[in-house]
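What follows is a set of notes on a single structure, which appears directly below.
Positions are given from 1 along the sequence. Below, each value reflects all heavy atoms present in this structure, side chains not excepted, and no hydrogens, waters or symmetry copies.
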Amino acid sequence: MDSARLQLASPPQPDQGLPPPLAAVPVPWKSTDPCQGHRESPGALVETSAGEEAQGQEGPAAAQLDVLRLRSSSMEIREKGSEFLKEELHRAQKELKLKDEECERLSKVREQLEQELEELTASLFEEAHKMVREANMKQAASEKQLKEARGKVDTILFAEFQAWRESPTLDKTCPFLERVYREDVGPCLDFTMQELSVLVRAAVEDNTLTIEPVASQTLPTVKVAEVDCSSTNTCALSGLTRTCRHRIRLGDSKSHYYISPSSRARITAVCNFFTYIRYIQQGLVRQDAEPMFWEIMRLRKEMSLAKLGFFPQEA
């Protein structure tokens, strides 16, 4: 019994001369895949398993490396983005500074212009007020001189004028006209050629004297006191050699007399006086006595100036 157990417990010994069991003989393995035309040894399976095991061991390290690379790229992008933003911010600040400087400059220019405008306005107002003050002062001085002149005027002249104005007439024997004839009209029409002077005075009083510019055509002329009245270089009233641009005609006469500018101014001054007193006589002048009187005094002044040789150059 014991020997049998021993026999069973010990491995059977190979019999001499018998072939080894099938399990102990290595049999080459063939792939059943028809597309695989080569044989793979069991060593290849071992190597593949080892590679997969190595790959399985390297997987976490590679993943960690990829994460590090991603982090590095992200940091690089952030750094570049930060630099770009800094540059943009710097450029924007620079442009803003330039705009601020330009705004400040424009503000200073505006303030300067406003100040100059205020100064100019003040200067203009001051100048205007000054001109108004000067005008008022001149007006006051003129009024004062006028009052003084009126106070100095002989009251007899004004009384004579008022008496004539109550019954205006052209009769030169009345006190008012007699004085004007004696002091102004007579001396103003007293020319060297007495004969023609008398005729001119009568024509002026009758309002029949005509003054006209010299025409180019030749018209009939007469001689007075041996003076050639047809010459435009000799005045028929003064007898002096003067350039005569006007001539006179008396009444309906066809004769013309060339006169110098001075003679024409004297005749014109007298004619203006007679024209005004005729208007008064006809009732065409509607003013108070005082304005009429001073207008007559002005016309008398014009006759006195013309008699002295003062007359406009266009005469």
Could you pull out all donor-acceptor pairs under 3.5 Å where a side-chain atom in residues 75-83 meets a protein atom, sequence neighbours excluded?
{"unit_1": "Glu76", "atom_1": "OE2", "unit_2": "Lys80", "atom_2": "NZ", "d": "3.4"}
{"unit_1": "Arg78", "atom_1": "NH2", "unit_2": "Ser74", "atom_2": "OG", "d": "3.3"}

Can you measure from [atom1] ([X]) to [atom2] ([Y]) and round to the nearest 0.5 angstrom?
{"X": "Glu116", "Y": "Leu120", "atom1": "CD", "atom2": "CG", "value": "9.0 Å"}
{"X": "Thr275", "Y": "Asn207", "atom1": "OG1", "atom2": "CG", "value": "6.5 Å"}
{"X": "Asn233", "Y": "Ser260", "atom1": "CG", "atom2": "OG", "value": "12.0 Å"}
{"X": "His256", "Y": "His246", "atom1": "NE2", "atom2": "NE2", "value": "13.0 Å"}
{"X": "Glu302", "Y": "Cys188", "atom1": "CD", "atom2": "SG", "value": "10.5 Å"}
{"X": "Ile277", "Y": "Gln282", "atom1": "CD1", "atom2": "CD", "value": "11.0 Å"}

Does [X] reach the side chain of [Y], with side-chain heavy atoms less than 4.5 Å apart?
{"X": "Leu237", "Y": "Ile267", "answer": "yes"}
{"X": "Leu117", "Y": "Leu113", "answer": "no"}
{"X": "Gln93", "Y": "Lys97", "answer": "no"}
{"X": "Trp294", "Y": "Gln287", "answer": "no"}
{"X": "Thr169", "Y": "Trp164", "answer": "yes"}

Show the nearest heavy-atom pair for residues [X] and [Y], with the distance to one decimal.
{"X": "Cys244", "Y": "Tyr258", "answer": "CB-CB, 3.9 Å"}
{"X": "Ile248", "Y": "Val200", "answer": "CD1-CG2, 3.8 Å"}
{"X": "Arg105", "Y": "Glu102", "answer": "NH2-OE2, 2.6 Å"}
{"X": "Ala236", "Y": "Met193", "answer": "O-CG, 3.2 Å"}
{"X": "Met292", "Y": "Arg165", "answer": "SD-NE, 3.4 Å"}
{"X": "Pro168", "Y": "Ile280", "answer": "CG-O, 4.3 Å"}

- Task: Check whether more than 12 heavy atoms from other residues, nucleotides or ligands sit under 6.0 Å from atom CD of Glu126, and answer yes or no.
- Result: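 At most 12 heavy atoms, drawn from other residues, nucleotides or ligands, come within 6.0 Å of this atom.
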
- Task: Indicate the ring-plane relationship of Phe161 and Phe293, choosing parallel, tilted or perpendicular according to the 30° and 60° boundaries.
- Result: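 Correct class here is tilted.
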
- Query: Do the rings of Phe273 and Phe176 sit parallel, tilted or perpendicular, given the 30° and 60° boundaries?
  - Reply: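 Taking Phe176 first and then Phe273, their aromatic rings sit tilted (interplane angle of 30° to 60°).
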
Following the transitive rule for hydrophobic clusters with a side-chain heavy-atom cut-off under 4.5 Å over Ile, Leu, Val, Met, Phe, Trp and Tyr, establish whether [X] and [Y] coincide in one cluster.
{"X": "Leu199", "Y": "Phe274", "value": "yes"}
{"X": "Val204", "Y": "Val198", "value": "no"}
{"X": "Leu240", "Y": "Leu189", "value": "no"}
{"X": "Leu96", "Y": "Leu85", "value": "no"}
{"X": "Leu196", "Y": "Ile211", "value": "yes"}

- Got a sec, which residues hit salt bridge (charged side-chain N to carboxylate O under 4.0 Å, His left out) with Glu295, two or more places apart in sequence or on another chain?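 Applying salt bridge (charged side-chain N to carboxylate O under 4.0 Å, His left out) to Glu295 gives Arg298.
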
- Item | Any donor-acceptor pair under 3.5 Å from Arg71 side chain to Ser73 backbone |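 Pair absent, no side-chain N/O of Arg71 close to backbone of Ser73.
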
- Set of side-chain hydrogen bond (donor to acceptor under 3.5 Å, both in side chains) partners for Arg69, sequence neighbours left out: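 Not a single residue meets the side-chain hydrogen bond (donor to acceptor under 3.5 Å, both in side chains) criterion with Arg69.
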
- Set of side-chain hydrogen bond (donor to acceptor under 3.5 Å, both in side chains) partners for Glu111, sequence neighbours left out: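 Checked Glu111 against side-chain hydrogen bond (donor to acceptor under 3.5 Å, both in side chains); zero matches.
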
- Task: Write out all pairs satisfying salt bridge (charged side-chain N to carboxylate O under 4.0 Å, His left out) with one or both partners inside residues 167-194, taking only residues at least two apart or from two chains.
- Result: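 Only Glu160-Arg179, Lys172-Glu205, Glu178-Arg182, Arg179-Glu183, Glu183-Arg300, Asp184-Arg300 qualify under salt bridge (charged side-chain N to carboxylate O under 4.0 Å, His left out).
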
Cut-off 3.5 Å, no hydrogens considered: what does the side-chain donor-acceptor table look like for residues 127-134, sequence neighbours left out?
none

